[in-house]
Amino acid sequence: MNKKTIIRTFEKIALYMELLGENPFKIGAFRKAANVLELDPRSLSEMDDILSLKGIGKGTGAVITDLFEKGKSDLLEELEEKVPKGLIPLLKVPGLGGKKIAKLREAIGIDSIESLRAACESHEVSKVPGFGKKTEEKLLHELNLLGTRKGKLPVWQIESIVLSIEEELQKISEIKRFSVAGSFRRAEEQSSDVDFIIVTDEPAIVREKLLEALPIEETVAAGDSKLSVALDMAEIVDADFRFVTDEQFATALHHFTGSKDHNVRMRQLAKSKGMKISEYGIEMEDGTIQTFDTEEAFFNFFELPFIPPSLRIDGTELDRIDEIDKLLKLDDIRGDFHMHTTWSDGAYSIREMVEACRSKGYSHMVITDHTQYLKVANGLTPERLRMQIAEIRSINEEYDDIEVFCGTEMDILPDATLDFDDELLKELDFVIASIHSNFNQPQEQIMDRLHAAIKNPYVHMIAHPTGRIIGQRDGYSPDVPQLIEWAKQYDKILELNGNPHRFDLSVDYLKMAQDAGVKVAINTDAHVIAQLDHMRIGVQYAQKAWLKKETVVNTWPLEQFIRDIIRK
DNA sequence: GCCGTTTTCGGCCCGACTGTTTTCAGTCG
């Protein structure tokens, strides 16, 4: 018996009750019980008070006792007997919920996807009270689409979709301002849709212009305050646009940024003070609506600090507000230590990258082109690297407001040797080591390679330590806890690669690294100037791991960077 | 089904949209 078993049992019970059209609050109670266990950081053996947890009562407690004593739940078995298994997939059909499924089952004996399809085709569905011709047509349509819809899209795909939608929004003159919201604003790794808040006095006009300008695959809903569509971009992606007034913007942005659990906690907080939060503001006890200029003012109203969107996860962030002012912010970042130029596979010159970093207000930066092993990236030979060092040193002379360091992103070769010898590495200020080849080696060999790199006295940092690409490949699956241990032992930096393709290390490993006292650098790995902007989303992602400012070496002042890292 | 220092009963986060109704239920986020 473990915690997951109990959680899954609660979720199954909720699912079956939903199919029976049970009281939503009863269903919610089982989901809540599952959630309470999920959020509790302790393992089952560490919990001696499980039956007295808030949210576990008589009914849910009995299920837990059953599981402990008999290894199964009587309630779940009863439900499984009562409800045909074939009904479960029906909950995935858009427009169908528990109530409607229960009605269909009772009226015409629907017990599976197939029987529903048949009933739609023979027009039996539209004869059921509460159902009509339109519903029947829509259901048939959705049944045919079932399984063809893509689930969640990775953040890097969502990012490009967001950018192209924003381009269209900028062209509409009736839009006063707008912001992306939802899971992309929270810097989630994957999103199932994109959300935008739009300030306008002319929602109907904006709606029509959007329908005109965007590649609409399907219009799901089109009202005065909301437009829901499926867009045919690189993939089919759902998009929601909410139209609000200027005064409503801050609360609407908060509401539609979510997460759902975060919002529930905020609303409960308001309710306990006799107030009511909605997307339009806070309704006070006397019925007046309070609005805010910024999200920050909204939080402050509840005596909370601004909670960054990426921290708004499961509601427990509200229990940790004292930690928030120690966390990393974008403003704290003083430099970017991983970027490429035309010397290898970057698109801009050293000077252009320097100018771009200067305009970001950085006090220092490191140029880190690829090395000779990586021929596809035009990696530098020792000779070319020495030429590049000379050029960087000379360009650096020209600037007194930014320090440009000489670095490299050196390949760790498949045989666990390094692409450059120590004599050459010695000449550099900052050495990154990373793996770009033979991902499918056994973990032991991968770890040998990483060990060879991290113990080398001239290596400062391991870049994108797992090599993953979100939603595409898992990387080379190193033993990350071991790597973190080595990083601590040899006093080396681990990277959070801020490129949304990577976000590498991931949140859980970042937490582990910080807990172990390992330093982290957030870098953009920019190959073009625009990618230097990924520092923003990289910082947002880092916040999800509750990284403190001091953990992240990019926040250190130049002098400290030189003293404790370069010259160490 | 769960909860309670205003409550052991009556709430449970809140609102938009659609379709089927003729004032609202169901679904969704």
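Labels below follow one simple rule: chain letters A, B, ... track the order of the sequence lines, proteins then strands, and each chain is numbered from 1. Both backbone and side-chain heavy atoms feed into the values below; hydrogens, waters and symmetry mates do not.
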Practice prompt. Assess A:Arg8 against A:Phe30: is NZ or CZ under 6.0 Å from the centre of the six-membered ring, and within 45 degrees of the ring's axis?
Written response: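 No; the conditions do not both hold, so A:Arg8 does not lie above the ring face of A:Phe30.
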
Nucleotide nearest [X] when distance is taken to its side chain, options [options]:
X: A:Asp240; options: B:dG15, B:dC12, B:dG29; value: B:dG29
X: A:Lys99; options: B:dC3, B:dG1, B:dG26; value: B:dG26
X: A:Asp193; options: B:dG29, B:dG1, B:dG4; value: B:dG29
X: A:Ala221; options: B:dC17, B:dG1, B:dC14; value: B:dC17
X: A:Lys134; options: B:dT27, B:dC17, B:dG19; value: B:dG19

Discussion item. Under 4.0 Å, heavy atoms only, any strand: does A:Leu53 hit a base, just the sugar-phosphate, or nothing?
Written reply: sugar-phosphate

Worksheet item: Touch check for A:Lys271, heavy atoms < 4.0 angstrom, all strands: base, sugar-phosphate only, or nothing?
Response: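 Counting heavy atoms under 4.0 Å across all strands, the contact made by A:Lys271 is with sugar-phosphate only.
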
Does [X] put a side-chain nitrogen or oxygen below 4.0 Å from OP1 or OP2 of [N]?
X: A:Ser225; N: B:dC17; answer: yes
X: A:Thr135; N: B:dT20; answer: yes
X: A:Lys133; N: B:dT20; answer: no
X: A:Tyr280; N: B:dC14; answer: no

[atom1] of [X] versus [atom2] of [N]: gap in Å, rounded?
X: A:Asn263; N: B:dC12; atom1: CG; atom2: C1'; result: 17 Å
X: A:Asp224; N: B:dG15; atom1: CG; atom2: C1'; result: 14 Å
X: A:Lys58; N: B:dC3; atom1: NZ; atom2: P; result: 13 Å
X: A:Arg31; N: B:dC3; atom1: CZ; atom2: P; result: 18 Å
X: A:Met266; N: B:dG29; atom1: CE; atom2: P; result: 23 Å

Worksheet item: So does A:Lys72 have more than 12 non-hydrogen atoms from other groups sitting under 6.0 Å from NZ?
Response: yes

Discussion item. When the C1' atoms of B:dT6 and B:dG10 are compared, how many Å lie between them, rounded to an integer?
Written reply: 14 Å

Worksheet entry | Residue closer to the 5' end of DNA chain B, A:Lys100 versus A:Pro129 (nearest nucleotide) | A:Pro129

Discussion item. Taking the ring centre of each residue, are A:His254 and A:Phe299 less than 6.0 Å apart?
Written reply: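 Here the rings of A:Phe299 and A:His254 have centres that are less than 6.0 Å from each other.
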
